[in-house]
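Down below is the structure, laid out as structure tokens.
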Amino acid sequence: MTAAREAGFRAALDRALRVGEAVLAADGSALDAVTEAVCALEDEPLFNAGRGAVFTRDGTHEMDAAVMDGRDRRAGCVAGVLGPRNPVRLARCVMERTDHVLMIGDGALRIGREAGIEEVSADHFFTQERYDSLQETLRMEAEGTLDDDPARRHGTVGAVARDRSGALAAATSTGGMTAKRPGRVGDSPLIGAGTFADSRTCAISATGDGEAFIRLSVAHEIDARMRLAGETLAQAANHVVWVGLAELNGSGGLVAIDAQGRITTPFNCEGMYRAWSNEAIDRTIAIYQPCPLQQ
Ligand code: ASP
């Protein structure tokens, strides 16, 4: 990490946070706030979603995204898509224009075309940095020297929000893992794994080793610990990240908010790019230091 690179990440987080804040300040819904904030993150080439998504081992892009409305647990998710500039908008179309929750392939793309969401050519998603990282990963695999550097795998974007009516929402978008097999689907578009929202408990968006997050049902586990064991969001989220994921050797973290607007952002890796704000505290952009609102 160089100072210039860190400044770039901070500026990108600031831009996305402003987009979400503007929606909420205008009395918009949590659902709109997370959708728009994630679109802003997808448009930033620094993150592994939309423009800047990682490559499959075939040198292609397959993107996953999800959105969930905590008011009624409606959800829309897409997996393995290439075309929409903002995959999270396609997930939202699935939620709002179909009776389904999770869609893939041409059927999913058709919903977006009917809705008129913007499609772009494959070049839009190309970044030299991700391409180099694919070559490096394939080279290390061939040599048998592949390490478990989380930077190779994390970078998914996500947002959670609570609006003035008390509604919660979550959205997540990702290119997946560098050098993944074509057809692989991660935790991000799976409700209860990488994305979840219920206004009575919490909204969650996760990043990390997707397979571990799926096997642990990370987001649903946090909701269940709050609902059934009476834990606070921080207790439940910390337990799942520090104990549950550790048992599966899974690295990563999540952003989460509860019904009272308390925020927690636990992660078990070195850093996680994150930003938050509310009406009562100063806005914060953080990479390494822990969130002051953990408890
Ligand atoms: N969780 C994502 C996946 O497994 C990867 C990431 O967080 O960057 O697809």
Side-chain angles (χ1 to χ4, degrees), residues 34-35 38-39 41-45 47-68 75-127 130-131 133-134 137-138 141 152-158 170-196 205-215 217-219 252:
V34 297
T35 306
V38 166
C39 282
L41 292 164
E42 288 174 333
D43 287 342
E44 297 283 354
F47 302 114
N48 171 18
R51 187 162 167 245
V54 299
F55 286 88
T56 69
R57 61 192 310 103
D58 288 359
T60 54
H61 284 109
E62 295 185 357
M63 285 162 263
D64 302 338
V67 62
M68 187 164 186
C77 314
V78 290
V81 296
L82 175 64
R85 168 175 159 182
N86 296 108
V88 73
R89 288 208 195 284
L90 186 60
R92 180 98 182 242
C93 289
V94 169
M95 181 176 101
E96 290 177 340
R97 301 174 76 97
T98 78
D99 295 329
H100 310 311
V101 169
L102 172 60
M103 295 187 71
I104 63 166
D106 277 348
L109 293 176
R110 224 181 297 157
I111 306 300
R113 285 179 195 135
E114 284 164 17
I117 66 169
E118 183 181 353
E119 282 206 20
V120 290
S121 70
D123 317 344
H124 171 80
F125 300 102
F126 179 92
T127 54
R130 299 296 187 196
Y131 187 74
S133 154
L134 171 66
T137 304
L138 293 176
E141 259 185 39
R152 214 184 306 292
R153 305 198 301 266
H154 302 181
T156 287
V157 308
T172 312
S173 181
T174 188
M177 310 261 251
T178 299
K180 68 183 181 182
R181 287 179 187 279
R184 178 264 189 189
V185 176
D187 58 311
S188 309
L190 302 185
I191 295 304
T195 306
F196 182 79
S205 176
T207 180
D209 297 340
E211 280 66 15
F213 280 67
I214 294 169
R215 289 161 62 210
S217 302
V218 161

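We count residues from 1, following the sequence as given.
The side chain to side chain donor-acceptor pair (under 3.5 Å) contacts involving residues 78-91 comprise E36-R89, E42-N86, D43-R85, D43-N86, R85-E118, where partners must be two or more places apart or lie in separate chains.
Here the CD1-CZ distance, from I191 to F196, works out to 8.5 Å after rounding to the nearest 0.5 Å. For the atom pair L90 CG and M95 CE, the distance stands at 13.0 Å (nearest 0.5 Å). The CG atom of D64 lies 8.5 Å from the CG atom of D187; values are rounded to the nearest 0.5 Å. Atoms CG and CZ, on L190 and F213 in that order, are 12.5 Å from each other to the nearest 0.5 Å. Taking CZ of F125 as the start and CZ of F55 as the end, the distance is 11.0 Å to the nearest 0.5 Å.
By the ring-ring contact (aromatic ring centres under 6.0 Å, His included) test, F47 pairs with F9, sequence neighbours left out. Checked against side chain to side chain donor-acceptor pair (under 3.5 Å), T56 has the following partners two or more places apart in sequence or in another chain: T60. The side chain to side chain donor-acceptor pair (under 3.5 Å) check on R181 picks up nothing, with sequence neighbours excluded. S188 is linked by a side chain to side chain donor-acceptor pair (under 3.5 Å) to nothing, counting only residues two or more places apart in sequence or in another chain.
A salt bridge links E96 with R92; the closest basic N to acidic carboxylate O contact falls under 4.0 Å. Under the 4.0 Å criterion applied to side-chain N and carboxylate O atoms, R113 and E119 are assigned as salt-bridge partners.
In terms of modelled atom types and a separation under 3.5 Å, the side chain of N48 and the main chain of G176 share a donor-acceptor contact. Using modelled atom types, no side-chain atom of R130 and backbone atom of A53 make a donor-acceptor pair closer than 3.5 Å. In terms of modelled atom types and a separation under 3.5 Å, the side chain of H61 and the main chain of G175 share no donor-acceptor contact. Side-chain atoms of K180 come within 3.5 Å of backbone N or O of E62 as a donor-acceptor pair.
The two residues A179 and L138 make their nearest non-hydrogen contact at CB-CD2, 4.2 Å. Between L41 and G158, the closest heavy-atom pair is CD1-O, 4.0 Å. Nearest heavy-atom pair, V38 versus S173, reported as atom, atom and distance to 0.1 Å: CG1-CB, 3.7 Å. Taking each heavy atom of P87 and V78 in turn, the nearest pair found is O-CG2, 3.9 Å. Contact between C93 and I117 at its shortest, heavy atoms only, is SG-CG2, 3.8 Å. Scanning both residues, T156 and A206, for their nearest heavy atoms gives CG2-O, 3.7 Å.
No side-chain heavy atom of M177 sits less than 4.5 Å from a side-chain heavy atom of V54. Between P189 and T172, every side-chain heavy-atom pair lies at or beyond the 4.5 Å cut-off.
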Using atom types as modelled, flag every donor-acceptor pair under 3.5 Å from a side chain in residues 97-112 to any protein atom, sequence neighbours excluded.
residue: T98; atom: OG1; partner: V94; partner atom: O; Å: 2.7
residue: T98; atom: OG1; partner: H100; partner atom: N; Å: 2.9
residue: T98; atom: OG1; partner: H100; partner atom: O; Å: 3.4

